[in-house]
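The next block holds one structure in the form of structure tokens; read it before the comments.
In this text, all values refer to a predicted model and were calculated from it rather than measured experimentally. Proteins come first, then strands; the chains are lettered A, B, ... in the order of their sequence lines, and each starts at number 1.
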Amino acid sequence: MTTGIRPVTDARKRPMMHPQVQTYWHEVDCGFPPVADVFEECVYEALAVFSREQMKAYLEAARVLGKLGRGPEPMLAFLEEWPSVVTAVGADVLTPVMDFVRAMQKSPNGKAIAPFLQTLAAVARRLQSAEQLQFYIDIARDLMVRTTGSIHGHHTTFPSPGLPEFFAQAPFLAKLLSMAGVKNWVEYGIRNYGNHPERQVEYFQLKSADSRAVLQRERHGTLFADVERQLDLYLRALWCDSDTLVPYSTAFDEIRKPIPYYDKLGLRVPDVFDDAQGVAGLDRYRAVLAHMIGHRRWSKPQIADNWSPFQRMAVEFFEDCRIENLLMREYPGLRRIFLALHPKPVEDACDPETTSCLRHRLAMLSRALIDPDHGYADTDLLTFAGRFHELIAAGESSTDEIATLALSYVAKTRRQSDQLAKVHFDDTVVDYRDDNRQLWRFIEEGDEEEAFDEERRLEQNKEPQGLPPRHYHEWDYQSQTYRPDWVSLYEALHPSGNPAVIDRLLAKHAALAKRLKRLLDLLKPQDKVRIRYQEDGTELDLDVAIRSLIDFKGGATPDPRINMSHRTDGRDITVMLLLDLSESLNEKIADGSQTILELSQEAVSLLAWSIEALGDPFAIAGFHSDTRHEVRYHHIKGFSEGWDDAVKGRLAAMEAGWSTRMGAALRHAGHYLSARKADKKILLLLTDGEPADIDVADPQHLRADAKKAVEELATKGVTTFCLSLDPKADEYVRDIFGNRYEVLDRIERLPEKLPMLYMALTK
Amino acid sequence: MTTDKEQYKVHKEPFYQAQGKEVVLYEAAYAARLPVMVKGPTGCGKSRFVEYMAWKLGKPLITVACNEDMTASDLVGRYLLEANGTRWLDGPLTTAARIGAICYLDEIVEARQDTTVVIHPLTDHRRTLPLDKKGELIEAHPDFQLVISYNPGYQSLMKDLKQSTKQRFTAFDFDYPEATLETQIIARETGLDEATSAKLVKIGQTARNLKGHGLDEGISTRLIVYAATLIKNGVDPKDACRMAMARPITDDSDIRATLDHAIDATFA
Ligand SMILES: Nc1ncnc2c1ncn2[C@@H]1O[C@H](COP(=O)(O)OP(=O)(O)O)[C@@H](O)[C@H]1O
Ligand SMILES: [Mg+2]
């Protein structure tokens, strides 16, 4: 290499080491020193991959890129990246790539050429086919065409603000999404931010919330959000478990790959699973859940302090295998899934002279413990597999017992080299297993005492307006007596808001309303109902007339009521809808789009609309409480009021706060309902939780009172039915409502479910 | 008018697997001629139980499957027109009262409430049945007993028994048998081996766990018997389960997928 000062302008004269490279250098006719710096190296790499023809094309393309007037970057990027592109997807893509470069050059988007070329190799490595890469270029071209142009009435055309950002994100996108997904993601950005340069940039930089949300939606594989209900059903049906499932993000956490685990808040699982080893994403979720359930059923935490990390690792592998054997006993079909997902380490893949093989040994053993056809020959492995199966043959064995076996395994197979820093990791990760944090207790750590100091809201200054309080008794299950006049209930007209809000909600659900309409028509009492046994009626009832004739001939007194007439409407149902308006309604539902309160508004609007269509008299009220001294009961719609703007206004203004003292509200609603005249009186309660109030510590107390209230109403001819939005409701809802309840698992379906439920109940 | 008692007798011992003390208790109720209500979900063995008791007590059994269109005359009887006049024909309830049979009104809530009130006078100390049309008052035969079945799991609030009707009966609360018992029932009823029967029961229970979460009722013992019968006749177990157990109870695709998975996981 030459030394000394390089004349900046004269890179063309730069001498190359190899005469052939020198010839090439002349061909590309390039004056950029940074290019000259790397040229020789690039050529060597290219020569290793390219045929002569391809070499020629490579240099020619590089030459063109050097002459675009965009500095050295495009050419640099191309020279460095192109050999990798060709390795990944073949050389034929050169034409479309250069065509696209020319298109960018002709448009105001020349600045995007370098970013395009800089990430091209990374994208190509992901896509692995020329067609896919073509698809990628088409998407980019579409983005360019539709976002380049005049903005805010300027006459000059502006380059696409999003295009360079898109190229920068492309490798990441290609990793998470199929090209169809990328297309949808780009499409969303164009449609929503086509005319908004700053927001467009943010979107394509993956900075804005919706950008990430759309990305999440488009990810390939099985998305947690799409199978959440199925997983929930799986837990309930196959494992009698109803713990909460909490997804963690895998998209934005590249370095620290999260592992499933469980804790007080629920079972933690990844937000997406690709199919793997012929196992569908859904089944991978099931494997993860089954494994964690197994721990919860059969594992007992161990004191970690006295054991070395190696010993703990061995205990974990053994214990994981024990519970998996028990799981497969329960459901033999799990074997296929576990075996497909469990790595099958090659017996002599790890060299104990140079590498720590403990992980490798344990992974093989782990395979052997769940797979009778493992085919390994190692004597220690076979001995311990035998002892393991003896232990579990008789029953479940136990964590203690299996830990002892694991420790003796470690002692028996220990090697000096286990301590080496270089660890054999290949084929040792079992990715459906959790991180086993629940298996260990550390003595040093103190128990975290959680302080349950409820903050009482100091909104006392707001004196309830309206009627004087009504007092209700409350049931004390401890003493099995009533506490007389224990609760003060204030009833007031709910404040009013804008009825148009409700009309908009109804409009939003127009399609659903249409479907409901069809069902309602079926349910609607046939316009004409026959009333038989009339002395005077509109027509002769032939059946009855013949019977009377028979009686007459037989010498008995005939029934003179041989006519019939018609009446409209045979339903005689009155319903009161009682809404829990406690604080928890302000929470957002899982996808973060709406609060439970907003969903309830939609649902109640649709229900009201449906009941109105059926013609059943109905009322709506809401309630919440702040100790027994203040249960608020909000009148929203009375039986005699129509489904009109006044009512819609109140519904629109609905707000949530405070607690859920259910019994008093039920009794109050019930007293209105029992005063009605109807065959069937239904009190329909919509709630998202169990009865609770801040002045009551014993959770049983208000449950028992609510149960009592339901029984009281039953004796007054009022049937209470509860629709619960609390996934944990199973624990108490049956206690309170007997079998008159339903738990809604997918809260986002409430608007559809509530009217349907009402129809089913009154069919 | 004489009716042949024998035709209503249960001659061959029906297979009935007791779940608890119900057999003894029923005998006691019968000895006192108390009316009996058998509550429980569909297909859990209510009818089989009554049939068995009739056999055990050696009494005739008259069963009426109730439905919405049934009128009081359908129970009590009516005049028929004949060439030379009319002829009275007893309804099943009247027949039972005359000959001293056990009258079993199956799924009574299906009948309209104004129909069911005709049974009231038979259920108290009077033990009589007035035939208004015929101008006759029947004294129930000393052996006569009234039994009704009813499924309280129905969610429809429209289908419930009047309190005044309920208050006239002693009651048995039935449910699906627990797993080992149900397995025995399936095996004995169909001749399928115990191991396969146990698997069917297990699948049945997965569905029962979903009650209230999209299923109104789980898979009944009757459906499990169907599946077992199909398997016994050579149908592939997984197909049999899908056809007899999963498909009939739900149209919800998530639930179907979960039950299908349970079937695959159980019959590996
Ligand atoms: N305890 C039992 N003993 C024997 N067979 C039973 C029992 N329980 C249920 N079965 C089976 O289930 C089927 C349905 O029972 P059935 O009595 O018709 O149900 P239900 O009257 O409760 O709807 C019966 O035909 C029988 O095969
Ligand atoms: Mg609440």
Side-chain angles (χ1 to χ4, degrees), chain A residues 227 229-242 282-283 286 290 328 330-337 546-547 549-557 559 571 573 679-680 682 714-715 717 719 721 724 727 729-730 733-734 738-746 757 760-763, chain B residues 41 71 73 78-82 84-88 113 131-136 151-160 162-163 199 202-219 238 250 252-268:
Chain A
V227 294
R229 175 157 183 263
Q230 281 209 48
L231 296 177
D232 192 58
L233 292 169
Y234 171 74
L235 279 184
R236 284 178 198 279
L238 280 82
W239 302 106
C240 298
D241 196 299
S242 56
L282 180 58
D283 278 337
R286 288 174 175 148
M328 293 186 293
E330 193 92 355
Y331 291 105
L334 275 174
R335 184 178 300 277
R336 175 188 70 82
I337 302 176
I546 290 176
R547 265 180 236 162
L549 182 64
I550 295 169
D551 289 346
F552 181 66
K553 291 216 166 161
T557 334
D559 190 338
R571 275 170 80 96
I573 301 169
D679 265 3
K680 283 285 167 190
I682 302 173
T715 61
T719 314
F721 192 98
S724 175
D730 290 292
V733 73
R734 176 179 284 278
N739 53 27
R740 305 256 188 253
Y741 72 91
E742 173 134 348
V743 180
L744 187 58
D745 296 314
R746 301 189 75 173
L757 175 73
L761 287 177
T762 58
K763 202 150 56 186
Chain B
T71 63
S73 309
R78 59 165 54 98
Y79 278 107
L80 297 181
L81 201 52
E82 280 186 343
N84 40 7
T86 57
R87 179 169 68 87
W88 172 262
Q113 296 187 344
L131 306 181
D132 293 337
K133 293 246 176 80
K134 204 170 172 232
E136 183 183 347
N151 177 358
Y154 272 134
Q155 283 211 323
S156 173
L157 304 179
M158 301 297 111
K159 287 190 177 157
D160 200 355
K162 267 196 161 109
Q163 200 61 29
K199 290 185 171 183
K202 190 174 180 100
I203 295 165
Q205 286 183 328
T206 60
R208 289 172 200 166
N209 291 337
L210 295 181
K211 191 171 168 193
H213 293 271
L215 284 184
D216 292 345
E217 261 178 24
I219 291 170
K238 291 189 194 182
T250 184
D252 178 325
S253 61
D254 285 345
I255 291 184
R256 204 169 49 215
T258 302
L259 294 180
D260 282 352
H261 175 76
I263 292 167
D264 291 338
T266 308
F267 284 102

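No donor-acceptor pair under 3.5 Å is formed between the side chain of A/D241 and the backbone N or O of A/L235. A donor-acceptor contact shorter than 3.5 Å links the side chain of A/N739 to the backbone of B/P152.
Looking only at side-chain heavy atoms (C-beta outward), A/L761 and A/E742 stay at 4.5 Å or farther from each other.
Residues B/A257 and A/R286 approach most closely at O-NH2, 3.9 Å, considering heavy atoms. Nearest heavy-atom pair across B/N209 and A/C240 is ND2-SG, 3.2 Å. Contact between B/T206 and B/A262 at its shortest, heavy atoms only, is OG1-CB, 3.9 Å. Across every non-hydrogen atom of A/R229 and B/D252, the tightest pair is NH2-OD2, 2.6 Å.
Heavy atoms of B/R208 lying under 4.5 Å from chain A are absent altogether. Heavy-atom distances place the side chain of B/L210, and not its backbone, under 4.5 Å from chain A. Looking at A/L744, neither its backbone nor its side chain comes within 4.5 Å of chain B, counting heavy atoms on both sides. Neither the backbone nor the side chain of A/D232 comes within contact range of chain B, judged by heavy atoms closer than 4.5 Å. In this structure, no portion of B/D132 lies under 4.5 Å from any heavy atom of chain A. Of the two parts of B/S253, neither the backbone nor the side chain holds a non-hydrogen atom closer than 4.5 Å to a non-hydrogen atom of chain A. With a threshold of 4.5 angstrom between heavy atoms, B/L80 approaches chain A through N, CA, C or O but not through any side-chain atom.
Across B/K133, B/K199, B/K202, B/H261, the residue that shares the most heavy-atom pairs under 4.5 angstrom with chain A is B/H261. Interface summary for chain A: among B/G218, B/A268, B/A265, B/G214, the most heavy-atom pairs under 4.5 angstrom belong to B/A265. In terms of non-hydrogen atom pairs under 4.5 Å with chain A, the most contact-rich of B/Q205, B/H213, B/R87 is B/H213. Options A/W239, A/Y234, A/Y331 differ in how many heavy-atom pairs under 4.5 Å they form with chain B, and the most are formed by A/Y331. Ranked by heavy-atom pairs under 4.5 Å with chain B, the first of A/M328, A/R335, A/R336, A/E330 is A/E330.
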Run A/L231 and A/L282 through side chain to side chain contact (heavy atoms under 4.5 Å, CB included) and show every step you take. CA-CA 8 Å; A/L231 296 177; A/L282 180 58; 3.8 Å; yes
